[in-house]
Each structure stands twice: as C-alpha cells, then as structure tokens.
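To start, the structure under review is shown below, and the notes come after it.
Numbered from 1 within each chain, the chains take letters A, B, ... in sequence-line order. Fair warning: this is a prediction, and the values are worked out from it, not measured in the lab.
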Protein chains: 2
Amino acid sequence: MTTTLPEATPRRRATPAPPPLNLSPLMGHVGFLLRLAQQQVFDEFHRGFGQAGITPARYSVLALLHANPDVPQARLAEALRIKPPNMVALLAEMEAQGLLDRRVDAANRRANLLRLTAAGRALYEKLTPEILAMEQQVAHRLTPTQYATLIKLLAKLSPP
Amino acid sequence: MTTTLPEATPRRRATPAPPPLNLSPLMGHVGFLLRLAQQQVFDEFHRGFGQAGITPARYSVLALLHANPDVPQARLAEALRIKPPNMVALLAEMEAQGLLDRRVDAANRRANLLRLTAAGRALYEKLTPEILAMEQQVAHRLTPTQYATLIKLLAKLSPP
DNA sequence: CGGGAATAGTTATGTCCCATAATGATGGAA
DNA sequence: TTCCATCATTATGGGACATAACTATTCCCG
C-alpha cells in the first residue's frame with residue numbers, strides 16, 4: 001500500500017465556508033426538535049448495540065417484562081404503543097433468541113403470557129447501565145439538572 | 001337502519017379493571033420518552049393536516065425555504081437531516097403541488113436552487129399559526145413556562 | 001344449553017421515512 | 001487536460017407503523 005495522507009486533513013479544497021442556513025423558523029416547533037433528538041438517540045443506539053441484535057423496541061420489551069412478568073402480549077403492546085400485529089414478529093424473534101417465553105395462559109387459552117428467560121433477565125441487567133450511559137453521553141450539552149428536567153417534562157407530555 | 005344503542009356506553013362487560021403495567025423502568029430513558037412524544041405530535045399532525053397533503057417533512061421544507069430563498073437542495077437536506085436521495089421525491093411532489101420552484105443555478109449548473117412560489121409562501125403563512133397551536137394543544141399538560149423550557153432543552157440537545 | 005359478540009393472537013398487506021450504492025453531469029485544482 | 005470532489009438522481013432495501021381480515025377462544029344472555 002502507498003503511504004496515504006492522514007484522513008483528518010482536507011485533501012483539496014477547504015470547503016469555502018458555506019453560509020449556514022437560518023433554522024430559526026423551525027426551532028420553535030417541538031415536532032421538529034423531537035425528530036432531531038430522537039434521530040440522534042436512535043442512531044447512537046444502533047451504533048452501540050445494533051451489532052448485538054438489540055434495537056430500542058426490543059430493549060423496551062425486556063424492560064417491561066422484567067418489571068411485569070406473565071403479562072399478556074396485548075397489554076404489553078398497549079403499554080409500549082405498539083400495535084398487536086407488529087408485536088408478533090418482534091416477540092417471535094426475541095423468543096428465537098432465547099430471551100423470553102410465550103406460554104399459553106391456562107386460565108384463558110387465547111392469551112400468551114410473556115416472561116423473560118434467565119438469559120433475557122441477564123441481558124436486560126447488562127444493557128441497562130450501558131444504555132443509560134449512552135443516553136447521558138448523547139445529552140452531554142445538558143447539565144445533569146437540565147437532563148433531569150428534560151426527562152420530567154417529556155414524561156409529563158405523554159398520557160399516563 | 002335499526003335503532004342501535006348509543007355508542008358511548010359499554011355494551012356488555014365493564015372491562016374488569018386490567019391492572020396497569022409498571023412503566024417505571026422505561027420512564028428514565030430519554031429514548032423511549034422521545035419516541036412517545038414524537039408519536040403523539042406526528043399523529044396529531046397527520047390527523048389535522050394530512051388531508052391537505054401536508055406532512056411534517058413538507059412543512060419543514062416550506063419553513064426553511066421561506067427563511068432561506070435560493071438555497072441548493074444539498075444544503076437544505078443537510079439542515080433538515082434528510083439524505084439527498086430522500087429529498088428528490090419530496091421536492092418533486094412539492095413542485096408538482098406548485099409550492100416551490102427548482103431552477104438550475106447558472107453559476108453552478110450541478111446545483112438546483114430552491115425557492116417558494118407565491119402559493120408556497122401563502123401556504124406556509126397560513127399553516128404556521130395552526131401548527132403552533134396544535135403543538136401547544138398536544139402539550140396541554142405543561143404550563144407555558146414548562147413548554148418553553150422543553151423547547152429550549154430540546155434545542156440544546158442537537159448539534160448546531 | 002346455544003348462539004352472538006367481544007377478546008387475543010396472527011397473517012397479509014401497504015405506507016412512510018431513512019439508509020446505502022451506483023450513475024451521470026458538472027466544476028475545480030494541479 | 002486529467003483527476004477528484006460535488007450535486008442530483010435512480011435503484012434498492014430495511015424498519016417502524018398502520019388497517020383489514022382471519023382463527024380460536026371465552027363470555028354473556030336469553
């Protein structure tokens with residue numbers, strides 16, 4: 001291989017200072033700001049945990065089943081705001097990964113009761129501190145107090 | 001048609017009080033809260049403005065071109081965090097709607113300079129107060145001060 | 001009891017947004 | 001002039017979300 005230039009330095013032009021756009025009309029819109037923020041967090045999530053086959057949706061299933069064992073999947077879907085048809089593949093994959101069990105409720109044979117396997121619990125407990133750290137790192141422009149305030153306001157925004 | 005029952009009253013069972021799930025493990029995760037909040041705002045956006053063929057992405061184009069006429073589309077894409085390939089159909093549809101013009105930059109014939117038509121400007125000016133009102137209505141659980149704080153913190157979260 | 005309606009999960013399907021790779025046209029720098 | 005960067009575009013795939021229709025089960029009520 002030839003001795004190439006170090007990558008950081010611009011090879012040719014210095015990109016003649018493109019004048020920045022005026023973003024102010026969108027900065028008052030909570031919808032736009034939410035989209036930007038979520039894109040950042042999700043990109044970072046996929047970058048850090050996508051290799052391990054973990055997505056935000058799957059992690060949210062782990063978290064809720066860890067705190068709520070033996071819940072039927074329709075009630076999990078409603079808590080996560082995921083439509084029942086979209087839960088099917090999600091849970092089937094996680095079951096195939098050995099993270100949870102779907103067992104028929106003996107008292108109501110229509111319902112599937114969900115619970116984490118030992119592997120699912122272990123994965124949840126391993127991931128949680130890493131994910132919390134990642135989220136705080138994404139919010140590094142905020143002080144801890146501001147971050148806590150943001151969490152509180154976002155929680156207040158959505159219906160209980 | 002037969003004289004059916006009024007819809008509001010439950011026909012048969014009173015839904016025997018399903019015990020609520022414990023959501024607390026997710027309430028500390030900014031990623032989950034952002035997803036819930038964005039889903040609310042976007043659902044309301046589509047409910048209120050979808051009929052008119054207006055999506056959040058299209059409105060954001062209107063807003064930025066209103067404040068930044070004659071901007072090349074690559075720089076618009078980068079400001080909105082939309083990849084250039086995904087801008088093509090978006091702008092083509094808006095051009096077909098008569099909301100904007102794409103004209104070749106005489107000084108750089110690779111670039112398309114974008115600007116709103118009179119109809120695009122009029123639509124932007126008509127929509128903006130309605131959308132701001134809708135967003136504040138979605139956030140009705142927050143005081144005006146809390147809403148302003150939320151906007152400020154979200155803006156701080158994303159890179160300038 | 002027996003039949004109709006609600007519940008629970010699933011299948012099939014479509015849409016929307018986002019992403020990468022490859023192409024063609026143009027411009028700039030050496 | 002030649003090489004490489006830039007700009008827009010096409011083709012394509014993936015992921016999250018939605019609705020409609022189907023099956024199986026259970027409940028209610030006459």
Sequence-distant partners of A:Arg102, salt bridge (charged side-chain N to carboxylate O under 4.0 Å, His left out), two or more places apart: A:Glu95
Residue met sooner reading DNA chain C from 5', once A:Gln73 and B:Ala106 are mapped to nucleotides: A:Gln73
Rounded distance in Å - CG (A:Leu91) to P (D:dA16): 13 Å
DNA chain D: 5'-proximal contact among B:Ala74 and A:Pro56 (nearest heavy atom): B:Ala74
Phosphate OP1/OP2 of C:dA8: any A:Arg109 side-chain N/O under 4.0 Å: no
Rounded distance (Å) that lies between atom P of D:dA16 and atom CG of A:Leu80: 13 Å
Main-chain N/O of B:Leu116 paired to B:Arg121 side chain as donor or acceptor, under 3.5 Å: yes
Rounded distance in Å - CG (B:Asn112) to C1' (D:dT6): 13 Å
Length of the line joining B:Leu114:CG and D:dC7:P, which is rounded to integer Å: 13 Å
Note, B:Leu91 side chain near B:Asn112 side chain (heavy atom, < 4.5 Å): no
Sugar-phosphate, base or nothing in reach of A:Arg102, heavy atoms under 4.0 Å: sugar-phosphate
Spacing between B:Met87 atom CE and C:dC18 atom P, to the nearest angstrom: 10 Å
Value in whole Å for how far the C1' atom of C:dT7 lies from CG of A:Asn108: 8 Å
A:Arg110 side-chain proximity, nearest of C:dG9, D:dT26, D:dA8: D:dT26
Give the table of side-chain donor-acceptor pairs shorter than 3.5 Å for residues 60-70 of chain A, with sequence neighbours excluded, one pair per line with atom names and distance.
from	atom 1	to	atom 2	distance (Å)
A:Ser60	OG	A:Ala57	O	2.6
A:His66	NE2	A:Glu125	OE2	3.0
A:Asn68	OD1	B:Asn22	N	2.8
A:Asn68	ND2	A:Leu64	O	2.9
A:Asn68	ND2	B:Asn22	O	3.0
A:Asp70	OD1	A:Arg115	NE	3.0
A:Asp70	OD1	A:Arg115	NH2	3.3
A:Asp70	OD2	A:Arg115	NH2	2.4

Side-chain (A:Glu135) to main-chain (B:Gly31) donor-acceptor, under 3.5 angstrom: yes
Atom-to-atom span, NE2 of B:His46 to P of C:dC16 - whole angstrom: 8 Å
Working for side chain to side chain contact (heavy atoms under 4.5 Å, CB included), residues A:Phe45 and A:Tyr59: CA-CA 10 Å; A:Phe45 200 111; A:Tyr59 174 73; 4.0 Å; yes
A:Met94 backbone acceptor or donor facing A:Arg58 side chain under 3.5 Å: no
Separation of C:dG9 P from A:Arg103 CZ (nearest whole Å): 15 Å
Under 4.0 Å protein heavy-atom contacts per nucleotide of nucleotides 17-22 of chain D, with B for base, S for backbone only and - for none: BBBB--
